[in-house]
Amino acid sequence: MPSTVIRNVRPLGGAAVDVVLHDGRISALLPAGSAAPELATLVDGQGQLLLPALVESHVHFDKTLWATPWRPNSAGPTRNHRISNEHTVLKDFQVPMAERAGPLIEHCIAQGSLYFRSHLDTQTVWGLKHVQEMLALREKYRHLIELQLVAFPQGGLLIAPGTLALMEQALELGVDVVGGIDPAGIDRDPIRHLEKIFELATRYRRGIDIHLHDLGELGRWEIERIADMTEAMGLQGQVVISHAYSLGAFAPAELMPLADRLAALGISIMSCAPPNVSVPPVAMLRSRGVNVCSGSDGIRDAWSPMGSGDMLERAMLMALRFGWSKDEELEMAFDVVSQGGARALNLQAYGLDVGCQANLLLLPAENIAEAVVNRSPQRTVISRGQVVAKDGIFLVA
């Protein structure tokens, strides 16, 4: 593949450069205007802001109702009712996942996300249906994105007979990550639940991403046990705790010893920063070296009609949740949806340095802070050195 060049762009708001691309990677960063004129111009950036592609670290593609007719939300107030309602809605719709999740993936690409981690319901009510259909979608979009899949026992790992066997089958089929959920609140046997998911992760050589909604002292105790097992099983840098609402119940100073331990073990915290529950203190955690990433969670599904699939919007929502308004705070919010996600997902060759994959987002903004605040729809998305979306339109046939 011949080299191409993105001319006159400003990486992260810095000095203007020409970005030379070769074989889907960044091969050189040259002062603006100095790239050889005979090189084919992929994009004339005209001084726009250049960012690495965004990282959607926590989404449930298998649940989405995207691209289907509007359905008024019928979810009830309790978790069990919401799960039952979700089963009813998805069965009533009978719309193949490819016709729901596929268009959503393309929409997310057009917003600038090229890296994803999607949790897949691995429950006896579905068998391996969600897993198999998402594996097929991953194959369809493999040339454009990196999509990690998590075996997610939403209905409980221990209390639902047959779920553990389904988890094993999902991992054997190629699912990337072992999921878990509320070891105490749902399975009511936190140690055994954690032992099972760490055993699976060790046996199949996979990482762990566990939904943890349990609140207060209970949730904090579970996080401490996750840290214990991460250290005992040698899974440093391979564990993500998603939501971790319990961390929002304590004064930041009380959490510093635990934060230091999470940082030492490379355990990432994923927070969507929702407005209606306690959330982890992101700034404090990051100040102690804890990696924090973010995601959309559900996007227009049976749980909620909300969600846009735009990770710049997610960064803005996190800033709103914490009252961040200074440029450096808005830059922190952006880091959570970019480098923070890359670290949590153990992405290789991510960023804007020579040798990194040419997975890029270009948009009109003076700097990162303005990009988060304005969230311009005028975005050019480049995947592996090729333009794949422009101004919100997915361009790949």
Side-chain angles (χ1 to χ4, degrees), residues 55-60 115-123 131 134 146-158 163-187 189-214 219-247 258 261-272 280 285 290-295 297 340-347:
V55 183
E56 167 65 86
S57 300
H58 187 107
V59 68
H60 294 264
Y115 302 93
F116 303 88
R117 175 172 284 186
S118 180
H119 297 254
L120 308 179
D121 278 9
T122 310
Q123 306 179 72
V131 171
M134 278 305 302
E146 182 169 328
L147 172 56
Q148 297 181 8
L149 302 177
V150 184
F152 174 48
Q154 178 174 256
L157 182 65
L158 306 178
T163 301
L164 184 59
L166 282 175
M167 295 276 286
E168 293 172 337
Q169 292 175 60
L171 295 168
E172 289 168 0
L173 286 171
V175 169
D176 307 280
V177 181
V178 178
I181 184 168
D182 296 341
I186 293 177
D187 269 342
D189 192 344
I191 296 301
R192 186 160 171 253
H193 177 106
L194 292 174
E195 286 176 345
K196 289 297 182 183
I197 65 172
F198 274 87
E199 176 190 328
L200 286 174
T202 303
R203 181 165 21 124
Y204 287 95
R205 298 183 180 181
R206 308 292 162 83
I208 288 173
D209 194 325
I210 179 169
H211 283 62
L212 190 61
H213 311 98
D214 290 339
R220 179 176 175 174
W221 178 85
E222 289 174 295
I223 292 172
E224 292 169 346
R225 302 293 75 75
I226 292 169
D228 290 343
M229 293 190 188
T230 298
E231 185 171 15
M233 304 301 285
L235 288 176
Q236 291 89 336
Q238 300 179 61
V239 175
V240 176
I241 302 174
S242 288
H243 304 305
Y245 296 145
S246 62
L247 294 180
L258 178 56
R261 190 165 186 222
L262 295 176
L265 293 170
I267 296 174
S268 293
I269 298 295
M270 192 297 302
S271 178
C272 304
L285 291 173
V290 180
N291 184 57
V292 181
C293 60
S294 190
D297 204 6
R343 288 187 288 267
L345 274 56
N346 288 309
L347 301 179

Quickly, which of Ser271, Cys272, Cys293 forms a side-chain contact (heavy atoms from CB on, under 4.5 Å) with Ser57? Name it, please.
Cys293
Are the side chains of Val292 and Pro280 in touch, meaning some heavy atoms are under 4.5 Å apart?
no
Is there a side-chain contact between Leu258 and Leu247 (heavy atoms, below 4.5 Å)?
yes
CA sep, side-chain torsions, deciding dist, call: Val239, Leu265, side chain to side chain contact (heavy atoms under 4.5 Å, CB included)
CA-CA 9 Å; Val239 175; Leu265 293 170; over 6 Å; no
Any side-chain heavy-atom pair of Ile226 and Phe198 under 4.5 Å:
yes
Just wondering, do His243 and Met270 contact through their side chains at under 4.5 Å, heavy atoms?
yes
Roughly how far, to the nearest 0.5 Å, is the CD atom of Glu195 from the CE atom of Met233?
9.5 Å
Side-chain heavy atoms of Leu200 within contact of Arg206, under 4.5 Å
no
Give a yes-or-no answer on whether the side chains of Tyr115 and Gln148 include a donor-acceptor pair shorter than 3.5 Å.
no
Measure the shortest side-chain to side-chain distance between Val131 and Leu149 over non-hydrogen atoms and say whether it is less than 4.5 angstrom.
no
Taken to the nearest 0.5 Å, the spacing of Arg225 CZ from Arg220 CZ works out to 11.0 Å
When you compare the side chain of Ile208 with that of Gln238, does any pair of heavy atoms fall below 4.5 Å?
no
Distance check, rounded to the nearest 0.5 Å: Asp297 atom CG versus His60 atom NE2?
4.5 Å
Is a side-chain N or O of Glu222 found less than 3.5 angstrom from the main chain of Asp214, in a donor-acceptor match?
no
Atom pair CG/CZ of Asp209 and Phe152 - distance to nearest 0.5 Å:
9.5 Å
Shortest non-hydrogen contact from Leu158 to His193?
CD1-N, 3.7 Å
Work out which heavy atom in Pro183 is nearest to a heavy atom in Ile210; give both atom names and the distance.
CG-CD1, 3.8 Å
Apply the test side chain to side chain contact (heavy atoms under 4.5 Å, CB included) to residues Gln123 and Leu166: give CA-CA distance (whole Å), side-chain angles for both, the deciding distance (0.1 Å), then the verdict.
CA-CA 7 Å; Gln123 306 179 72; Leu166 282 175; 5.7 Å; no
Spatial distance of atom OG1 (Thr202) from atom CZ (Arg205) [nearest 0.5 Å]:
10.5 Å
What are the two closest heavy atoms between Pro153 and Thr163, and how far apart are they?
CB-CG2, 3.8 Å
Looking only at heavy atoms, which two atoms of Ala244 and Ile223 are closest? And how far apart?
CB-CD1, 4.2 Å
Do you know which two heavy atoms are closest between Ala201 and Leu235, and how far apart they sit?
CB-CD1, 4.0 Å
Tell me, do His58 and Ser294 make a side-chain contact under 4.5 Å, heavy atoms counted?
no
If I compare all heavy atoms of Ile197 with all of Gly179, which pair ends up nearest, and what's the gap?
CG2-O, 3.6 Å
Using the ring of each side chain (for Trp, its six-membered ring), is His211 parallel, tilted or perpendicular to His213, with breaks at 30° and 60°?
tilted
Treating Asp121 as the side-chain partner and Gln154 as the backbone partner, does any N or O pair qualify as donor plus acceptor under 3.5 Å?
no
For the CG atom of Leu262 and the CG atom of Asn291, what is their distance to the nearest 0.5 Å?
11.0 Å
Arg261 bridged to Glu224 by N-O distance under 4.0 Å
no
Per the salt bridge (charged side-chain N to carboxylate O under 4.0 Å, His left out) rule, what does the pair list look like for residues 175-187, sequence neighbours excluded?
Arg138-Asp176
